[in-house]
**Student:** 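I have a structure here, written as structure tokens, and I will follow up with some questions on it.
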Amino acid sequence: MIAKLQTLDADSFERLIQALMTAQFGYRVRIYGDGPDGQREAMIECPEYEGYLQAKGKTIIQAKYKTQGGREEDWHWLQSMLRRELDAFEKKALTRPELLPDTWVFYTNIVLTAAQDSGMQDQADCYVAKRNEAFEKKHGRKLIEHIYIHGADAVRSMLDASPRVYERFFGTERALREYLDRLLEDTRKEHPSFKLMQPDELDPRLFPRIETKGRREETDAPASVWGLIAESWEQPENHSIVIEGAGGIGKTVTLLSPTVPLPAPALYVHLYELVHKGEALSLSEYLQKKMPEYAQEIGRLAAKDW
């Protein structure tokens, strides 16, 4: 199974890289925890080691995580991260050169495209090589002797070689996927009219525009999903709708979208708001607390057989 790195966050991605380094280098790895780490998630001390990572001399490992975005945005982000880290190394070179590594390995969760010259991998390699050359011209030596930039594909390759690490970080995801597959199979048996929307069925030309609270820009909601939910709204035998996916793909906007054409106003309630003094509230209890002047009417509506 291909590891979905976008299901992680910045902290868990750092821990993943630390675990992969420990799996390969064992006791030779020094792990650095949360807080200011001096540009280090891990450090390896060894003369030279050939494996899926070449650690030569004092090796510093860094991990940087980025949330979803487009390819152009990914490159600008990556370049800014590399610039920031190299600027910091140059400052150390002038003030505390003993802290400079022999090898610097930079890991990120974004895909580094492989197209020759124009791909992100070649652009990143070219950028750090030019920075190294400029420093050497000025100071007579390279800033860092060996620099490796690795993206999502390299991380997944390491995970293939480290099944225990994969299970630790993605075992829950696999269990959830198996559960959802069983649920899907049972649902199809019990409800022959059940529809499953696949991503390639979504026509971007048909996306309605929705403005979400707290955002200036409008957000797209897939029209085909919108249509499915709106249709289900009119069919009381369809009791449940499940939309799954990674953070930031528009699940909330999609669920809000059916309210747009309705004449009645819509209310969006966060799940954490349905807790009061440690006790779970029903939606009607929540509304009665929020709008006490309508408490009796809300109570009558809640008692109706919907």
**Student:** Could you tell me if D9 and S12 have a donor-acceptor pair between their side chains, going purely by distance under 3.5 Å?
**Tutor:**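 Checked: S12/D9 side chains pair up, N/O donor to acceptor below 3.5 Å.
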**Student:** Do V128 and F106 come close enough that some side-chain heavy atom pair is under 4.5 Å?
**Tutor:**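 Side-chain contact under 4.5 Å: no.
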**Student:** State, with a plain yes or no, whether a side-chain heavy atom of D122 is found less than 4.5 Å away from one of Q116.
**Tutor:**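 D122 reaches Q116 side chain to side chain.
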**Student:** Any heavy-atom pair between the side chains of L159 and L16 that's under 4.5 Å?
**Tutor:**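 L16 vs L159: side chains touch.
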**Student:** Determine the minimum heavy-atom distance between A19 and F169, stating which atoms define it.
**Tutor:**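 Scanning both residues completely, I find the closest heavy atoms to be CB-CE1, 3.8 Å.
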**Student:** For F135 versus R141, what's the shortest heavy-atom pair and its separation?
**Tutor:**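 The pair with the smallest heavy-atom distance is CD2-O, 3.3 Å.
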**Student:** Short question: side chain of Y65, backbone of L8 - any donor-acceptor pair under 3.5 Å?
**Tutor:**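 Such a contact is found between Y65 side chain and L8 backbone.
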**Student:** Any idea which heavy atoms bring R131 and R83 closest together, and the distance?
**Tutor:**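 Looking at all heavy atoms of both residues, the shortest contact is NH1-CG, 3.8 Å.
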**Student:** Using atom types as modelled and distance alone, determine if a side-chain donor or acceptor of E167 lies under 3.5 Å from a backbone N or O of S162.
**Tutor:**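 Not a single qualifying donor-acceptor pair exists.
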**Student:** Measure the spacing between CZ of R96 and CG of L94 and express it to the nearest 0.5 Å.
**Tutor:**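 So the gap between those two atoms works out to 13.5 Å.
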**Student:** Do M21 and M158 have side chains that approach each other closer than 4.5 Å (heavy atoms only, starting at C-beta)?
**Tutor:**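 Yes, close enough: below the 4.5 Å cut-off.
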**Student:** If I take atom CG from residue D102 and atom NZ from residue K142, how far apart are they, to the nearest 0.5 angstrom?
**Tutor:**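 Going from CG on D102 over to NZ on K142, the span is 12.5 Å.
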**Student:** Quick check on the hydrophobic clustering: are V111 and F13 connected, directly or via other members, by side-chain heavy-atom contacts under 4.5 Å?
**Tutor:**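 V111 and F13: separate clusters.
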**Student:** Atom CH2 of W104 and atom OG1 of T59: how far apart are they, to the nearest 0.5 Å?
**Tutor:**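 So the gap between those two atoms works out to 13.0 Å.
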**Student:** Say you draw a straight line from CD1 of I110 to CG of L5; how long is it, rounded to the nearest 0.5 Å?
**Tutor:**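 Between atom CD1 of I110 and atom CG of L5 there are 11.5 Å.
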**Student:** When you measure from the side chain of E285 to the backbone N and O of S282, does any donor-acceptor pair fall under 3.5 Å?
**Tutor:**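 Yes, because the side chain of E285 sits within donor-acceptor range (under 3.5 Å) of the backbone of S282.
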**Student:** Would you compute the distance between atom CG of L82 and atom CG of D87 and round it to the nearest 0.5 angstrom?
**Tutor:**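 These two atoms lie 10.5 Å from each other.
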**Student:** Do T108 and D74 have side-chain heavy atoms sitting under 4.5 Å apart?
**Tutor:**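 No, too far: nothing below the 4.5 Å cut-off.
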**Student:** For the atom pair NZ (K138) and CG (L143), what is the distance rounded to the nearest 0.5 Å?
**Tutor:**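 Result: 12.0 Å between the selected atoms.
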**Student:** Using a 3.5 Å distance criterion without hydrogens, assess whether the side chain of T113 forms a donor-acceptor pair with backbone atoms of M120.
**Tutor:**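 Pair found, side chain donor or acceptor close to backbone of M120.
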**Student:** State, with a plain yes or no, whether a side-chain heavy atom of Y127 is found less than 4.5 Å away from one of L86.
**Tutor:**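 Yes; the side chains approach each other to less than 4.5 Å.
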**Student:** If you draw a 6.0 Å radius around CD in Q296, do more than 12 non-hydrogen atoms from other residues or ligands fall strictly inside?
**Tutor:**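 No, the 6.0 Å shell around CD holds no more than 12 heavy atoms from other groups.
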**Student:** Can you name the closest pair of heavy atoms from I298 and S284 and give their distance?
**Tutor:**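 Looking at all heavy atoms of both residues, the shortest contact is CG2-O, 3.7 Å.
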**Student:** Decide side-chain contact (heavy atoms from CB on, under 4.5 Å) for K64 and E85; before the verdict, give the C-alpha distance in whole Å, the side-chain angles of both, and the deciding distance to 0.1 Å.
**Tutor:** CA-CA 11 Å; K64 295 295 178 184; E85 300 305 327; 3.5 Å; yes
**Student:** Among all residues two or more places apart in sequence or in another chain, which pass the side-chain contact (heavy atoms from CB on, under 4.5 Å) test with R164?
**Tutor:**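 Listed in chain order: nothing, the list is empty.
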**Student:** Can you check whether E145 reaches T103 side chain to side chain, under 4.5 Å on heavy atoms?
**Tutor:**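 Sidechains of T103 and E145: no contact.
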**Student:** Is the shortest side-chain N to carboxylate O distance from E133 to K137 below 4.0 Å?
**Tutor:**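 No, this pair does not count.
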**Student:** Check whether any side-chain N or O of N132 sits under 3.5 Å from a backbone N or O of I144 as a donor-acceptor pair, and report yes or no.
**Tutor:**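 Yes: the side chain of N132 pairs with the backbone of I144.
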**Student:** Going by side-chain contact (heavy atoms from CB on, under 4.5 Å), name the residues that satisfy it together with Q123, two or more places apart in sequence or in a different chain.
**Tutor:**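 With neighbours one apart ignored, the set is W75.
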